[in-house]
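What follows is a set of notes on a single structure, which appears directly below.
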Amino acid sequence: MRRIFLFSVFVGLLSCSTRQPVQTDQLINIIPMPFSAKPGADVVQWEKAVTIVAGSAEETAVAELLKAHLEKKELAVTISSQSTDEDVVKLEINTETNHHPEGYRLTVNQNGITIQAGTAAGLFYGVQSFIQLAADAKQIPFVEIEDQPRFAYRGLHLDVGRHMFPVDFIKKYIDLMARFKFNRFHWHLTEDQGWRIEIKKYPKLQQIAAYRKETVVGHAGKSKVYDGTPYGGYYTREEIKDVVEYARQRFITIIPEIELPGHSQAALAAYPELGCTGGPYEVATTWGVFENVYCAGKEETFNFLQDVLDEVVELFPSEYIHIGGDECPKASWKKCKHCQSRIKKEKLKDEHELQSYFIQRIEKYLNSKGRQIIGWDEILEGGLAPNATVMSWRGEAGGIEAAKQKHRVIMTPGNWCYFDHYQDTTATEPLAIGGFTPVREVYSYEPIPPQLTAQEATLILGAQANLWTEYIKTPAHAEYMAYPRACALAEVVWSDANSRDYANFVKRLKANRWLLDDLQVNYAKHIFE
Ligand code: ACM
Ligand code: ZN
């Protein structure tokens, strides 16, 4: 290690030749902004070789990820349980410390670089901050960071039903999430237009539900033109296991979504006996909300869904399983003798209570397996299932109502959290579903609504952005829609509310652009121009 005195530090960028006090906003070039950071006035200068000191298996697993990153920066990296070398990064998990479960302390000073945490997750987040701080991996500014997240749930969603994305891209999405300290990946696996998860017991999901015969061209609201090209695919069990493990190593829990009772037309195409009329149905070829939904009256529907969920819980260790619950038209239930006799038998008031019956029955089943459900805010209609967590997407009202009913909530309101919206007003923007949610709007989001008491506010687990892919066909386009908006959301869910400062964020984003370039991300450039 060599220390050099610096006149002005902007993370490796010597921008100024006169001596000036170092400003916090210049030095702490980390997204999301850490809870507290005290900059020093010096740097650690690395030569060509570095040792990462890691003892336990958990420390070593995190060290391996750091090693892979530093090697790309042309450093020779060794992992060792001890080192007398000068250029070291010490990784320490100490379960005795009272760090927040995802918190860490990162110290860069004359004694070297140390990252300490109470858990492997905390250590991992410390490493992420270190990677950003050590942008060029040669000069690392002195600093003392104490950090912990504001929210326990920091999510990004991806719809693979409308368009399918290769496993390599799912891993890249996860890598990017990890960089910005997201910890929940909501994988939307079933849709009207395609069923994307292999289920052993139901082969027609693979043979029929995974494929549509063609796709609408242009905006579904206006177009009657179809491309005539079959489209589809699904993730095999082996691929899913591989992705779940990949995410686990990066401290990301994957929450699978199996949509019910609506958005189920692809499944009905494969197993028409599960619909009210018995079909025939076809995998949807355009976008929207469809009236063909699972029959709530037939026992076969519940047998099928329970079998599917048995395989889902086998593949996904997540405590939470998302069961959808949104946009379920009631027209077919109104005309169906099975649904109507269920309403009578269960003494339900109407079809909304029938939907609630449906969700509650699925909740009971998943609870019996030790899992909890998340549903979109429509699950409030007809009465919430007793243990359900609500994902508030039609604004914040559903989330507020759920919290008032003492239910846990994840905020994903469209105005701030829908990354399928336009992010710019220029005519050259690629076709999107609609809306307008620029980076600034995302950054301005406050997940705790003022209508809640302090007690109710504790039920807001966090927030998530959703990436619906009706109009997003390729990984490059998905990246364009997700970044840098996801960087803004990362700060909303991790950083202290009082530290929020948009101008400062943009400055850090510009300086941290290399984080996206490094992973060859096709991010939107508006904010950089
Ligand atoms: C949704 O956007 N339909 C949850
Ligand atoms: Zn029915």
Side-chain angles (χ1 to χ4, degrees), residues 155-159 161-162 186-193 220 255 257-265 267-268 271-279 281 284 287-302 304-305 322-346 348 350-351 353-355 357-359 361 374-381 389-399 409-421 432-435 437 463-472 481:
L156 287 189
H157 150 287
L158 182 66
D159 165 16
R162 274 58 175 261
H186 172 172
W187 202 0
H188 184 83
L189 286 163
T190 71
E191 259 304 336
D192 298 304
Q193 297 83 5
I255 298 176
E257 180 178 358
I258 305 297
E259 275 266 20
L260 55 91
H263 287 292
S264 48
Q265 193 170 302
L268 296 188
Y271 296 98
E273 62 274 22
L274 305 179
C276 290
T277 64
Y281 305 102
W287 322 123
V289 173
F290 299 89
E291 288 187 0
N292 298 319
V293 303
Y294 292 118
C295 177
K298 295 178 183 170
E299 280 304 293
E300 293 104 294
T301 299
F302 293 95
F304 167 81
L305 288 169
H322 203 304
I323 52 75
D326 60 319
E327 299 180 322
C328 179
K330 308 298 186 291
S332 72
W333 291 357
K334 284 197 171 115
K335 289 182 277 192
C336 170
K337 67 174 197 282
H338 307 285
C339 288
Q340 291 306 314
S341 83
R342 174 85 71 194
I343 287 178
K344 260 203 210 99
K345 183 163 153 253
E346 298 292 334
L348 306 172
D350 57 13
E351 288 73 23
E353 288 198 357
L354 183 57
Q355 154 129 348
Y357 165 87
F358 201 120
I359 304 285
R361 206 166 146 177
I374 302 176
W376 299 108
D377 59 51
E378 286 92 331
I379 67 168
L380 279 150
E381 295 162 10
T389 296
V390 172
M391 207 167 247
S392 190
W393 72 280
R394 296 175 302 175
E396 295 179 284
V409 172
I410 296 149
M411 285 295 192
T412 69
N415 193 36
W416 299 275
C417 297
Y418 267 45
F419 289 180
D420 56 340
H421 288 175
I433 195 160
T437 303
Q464 170 178 294
N466 298 330
L467 192 54
W468 301 102
T469 59
E470 288 94 331
Y471 300 96
I472 301 170
M481 300 304 273

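Indexing begins at 1, ligand by ligand and atom by atom, following the structure's order.
- The Zn ion (ligand 2) forms the vertex of an angle spanning SG of C336 and SG of C295; to the nearest 10 degrees it equals 110°.
- Listed by atom number, the atoms of ligand 1 under 4.0 Å from E327 heavy atoms are 3 (N).
- Between E257 and H188, the side chains place a donor N or O and an acceptor N or O closer than 3.5 Å (distance only, hydrogens not considered).
- For the pair R342 and Y357, the cation does not sit on the ring face, since its NZ or CZ is not both under 6.0 Å from the ring centre and inside 45° of the axis.
- The protein non-hydrogen atom at the shortest distance from atom 2 (O) of ligand 1 is Y418 OH, 2.6 Å.
- Within the 4.5 Å cutoff, no side-chain heavy atoms of C417 are placed close to those of N466.
- Shortest non-hydrogen contact noted between Y281 and P272 is CE1-O, 3.5 Å.
- The protein atom (non-hydrogen) at minimum distance from atom 3 (N) of ligand 1 is D326 OD2, 2.7 Å.
- Remark: at the Zn ion (ligand 2), atom SG from C339 and atom SG from C276 enclose 110°, rounded to the nearest 10 degrees.
- Side-chain polar atoms of E259 and Q265 form no donor-acceptor pair below 3.5 angstrom.
- Taking every heavy atom of W468 and a limit of under 4.0 angstrom, the matching atoms of ligand 1 come to 1 (C), 2 (O), 4 (C).
- Among the atoms of H338, no N, O or S atom falls under 2.8 Å of the Zn ion (ligand 2).
- In this structure, a donor-acceptor pair under 3.5 Å is present between the side chains of W393 and E378.
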